[in-house]
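Right, one structure below, let's go through it.
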Amino acid sequence: MGASQTDTHGAVVTRFAPSPTGFLHIGGARTALFNYLFARHHGGKFLLRIEDTDRARSTEPAIAAILDGMRWLDFEWDGEIVYQFARAARHAEAAQQLLDTGHAYRCFATADELEAMRAEQRAAGKPMRYDGRWRDRDPAEAPTGAPAVIRLRAPQTGSVTISDLVQGDVTVANAELDDMILLRSDGTPTYMLAVVVDDHDMGVTHVIRGDDHLNNAFRQLALIRALGWAEPSYAHIPLIHGSDGAKLSKRHGALGVDIYRDVLGMLPEAVENYLLRLGWGHGDDEFISREQAIGWFDLAGVGRGPARFDQKKLESVNGHYLRSADDVRLVELIAGRAEAALGRALVADDRDILQRSMPELKKRANNLNDLASGALFYLRIRPIPMDDSALRLLASAPDGLLGAAHGAFAGINDWTTELLDGAARRLAEDLGVKLGQVAQPVRAAVTGSTSSPGLFEVLETLGRNESLGRIEDALARTQQPEEGVTA
RNA sequence: GGUCCCUUCGUCUAGCGGUCUAGGACGUCGCCCUUUCACGGCGAAAACACGGGUUCGAUUCCCGUAGGGAUCACCA
């Protein structure tokens, strides 16, 4: 890469830099979203870097999961993915440069030695920091052949202030910072070094990340200055918390975006909208399209306090997007779930009936799971299973009602919602009962449940034969235990 | 514990000195619509953490207290 990265001429360049130690979790997704939106808003670039320098914890499946999540959410990145580990030589080169210019030095302190130092500091109630024991010591004093790390010779006086785009001006005394390790004793770069070098080489102008990195920013700035490089702008966004107010982490409540998709049945645009509104707002707007988000997004509007994740609200947002989603798309999305529940593959007729019923079905669901289970009764094969409430309703329905309804419907050849509705109302009137008295037993018979979309729409969608057949099944069922009760 | 950050309804937020009897959304409750369940509509309860300042006037500015958060590795 070298110097070519400076050819961006002030254009915005952001990056999302996850470490592939697990799935793309919801907090990471939000960081990616903000980086994506900020870059697009400014007509800049959004880069992706995989921070895989921790060889023990980085895995291929994790990389695949992260990319999968990025694609699902449609966070399209620019250019090639940068794999940090592959750039180790470049990182070492930067460390050497620092060594040559006197901005870094070798430290021969052993792990045991440092542990003892910290124990002492802890006991004395002092902050635990590297005490700079090798900072000005002659390397010749080191035991021969002893392994060494390379540390940054950081400024010890004065202070650094970062004009963070989210947090505002934040100042920390240099005395609070110690000489961080740049290169481990095995010659591999630490995160601090790798991030600074990569961000520089990639031409990153705006570092937008979780505020758990705010403290790192001060040290990284010292490193950047020692290297004589341009300083990026920083924006440290608050972490997402769980409903209990504690930080959402991989071991505490943070789920991978794949879980939201596959298990919870969320739509990507809903997850995106929810994440955007978490910690950021645009007046009273609740539903914000991708296009609007790109037009409106700004870092100054991001709150500084952590926001709690609210599953109920996500469900609600999801329900909104479900209702406005394309029916063909929804059928595809629930097909797998339906097949699993039914234990058989869906055929063309199944998809056809699902699509026709989708406008009614999607008003009743807030996620794909509920949408799929709500659609199941259309696909069942006679005799359809009945849930307990349907069985109870059928058992307690006035004698002869269901049979009478069957008779009324059987007389209809032009099987439309209007005529079915009219026939049912006429029957109810003739019998002197409310429409519900007629409709509910029929609903139970036809859907196997006491709640469903509008009954006459259901009947029309199901068709004459199937509808009458299901009513006959129910009739047969109620006649068996007690004989002779039907009219 | 040191350092840094934060604090408006239960939750996400609007508010950027007077427009605040503090607005919206989710959730909760009630009503309407209605063949069920939803959707939709209407309405209700619900917040400026506390104490000092500054100011003619503070939700809005400053300080303190309390509470919450982040971070202090040869992990990222």
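Scope of the values below: all heavy atoms of this structure, side chains included, with no hydrogens, waters or symmetry mates. This structure is a prediction, so every number in the text was calculated from the model and none was measured.
Contact check, A/R129 against B/rG2: no side-chain N or O comes under 4.0 Å of OP1 or OP2. The side chain of A/R118 contributes an N or O atom lying less than 4.0 Å from OP1 or OP2 of B/rC74. Between A/R364 and B/rA38, a side-chain N or O to OP1/OP2 separation shorter than 4.0 Å is absent.
Residue A/D212 has its side chain nearest to B/rA70 when only B/rC39, B/rC12, B/rA70 are considered. Which of B/rC12, B/rU3, B/rC74 sits closest to the side chain of A/R308 comes down to B/rC12.
Between B/rG15 and B/rU7, the distance separating the two P atoms is 13 Å to the nearest Å. Remark: the separation of the C1' atoms in B/rC48 and B/rC9 is 10 Å, to the nearest Å. Going from the P atom of B/rC74 to that of B/rG69 covers 26 Å, rounded to whole Å. When the C1' atom is compared between B/rG24 and B/rA14, the two are found 7 Å apart, to the nearest whole Å. Comparing B/rA70 with B/rA58, their C1' atoms sit 30 Å apart, to the nearest whole Å.
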Between the protein and nucleotides 19-26 of chain B, list the N/O to N/O atom pairs that are separated by less than 3.5 angstrom.
unit_1, atom_1, unit_2, atom_2, d
B/rG23, N2, A/D284, OD1, 2.9
B/rG24, N2, A/R277, NH2, 3.3
B/rG24, N2, A/E286, OE2, 3.1
B/rA25, O4', A/E286, OE2, 2.9
B/rA25, O2', A/K313, NZ, 3.1
B/rA25, N3, A/K313, NZ, 3.0
B/rC26, O2', A/K313, N, 3.4

Using a cut-off of under 3.5 Å, enumerate the N/O to N/O pairs linking the protein to nucleotides 40-44 of chain B.
none

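The distance between the ring centers of A/H320 and A/Y274 does not fall below 6.0 angstrom.
Listed by chain and residue number, A/R133 satisfy the salt bridge (Lys or Arg N to Asp or Glu O under 4.0 Å) test with A/D131 (two or more places apart in sequence, or in another chain). Judged as a salt bridge (Lys or Arg N to Asp or Glu O under 4.0 Å), and not counting sequence neighbours, the contacts of A/D178 are A/R219. Legend: residues meeting side-chain hydrogen bond (donor to acceptor under 3.5 Å, both in side chains) with A/D186, ordered by chain and number and at least two apart, are A/T188.
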All N/O donor-acceptor pairs, side-chain side in residues 448-455 of chain A, below 3.5 Å, sequence neighbours left out:
unit_1, atom_1, unit_2, atom_2, d
A/S449, OG, A/S451, N, 3.0
A/S449, OG, A/S451, O, 2.9
A/T450, OG1, A/S389, OG, 3.2
A/S452, OG, A/R443, NH1, 2.7

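Pair assignment for B/rU21 gives none, since no Watson-Crick or G-U wobble pairing has each distance under 3.5 Å. The partner of B/rU3 is B/rA70, judged by Watson-Crick or G-U wobble contacts that both fall below 3.5 Å.
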Please walk me through it: do A/R15 and A/D198 pass salt bridge (Lys or Arg N to Asp or Glu O under 4.0 Å)?
CA-CA 10 Å; A/R15 54 41 165 202; A/D198 290 346; over 6 Å; no
Mind running ring pair (Phe, Tyr, Trp, His ring centres under 6.0 Å) on A/H206 and A/F34 for me, showing each step along the way?
CA-CA 11 Å; A/H206 295 259; A/F34 286 7; over 10 Å; no
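For A/S185 against B/rC74, a side-chain-to-base donor-acceptor contact under 3.5 Å is present.
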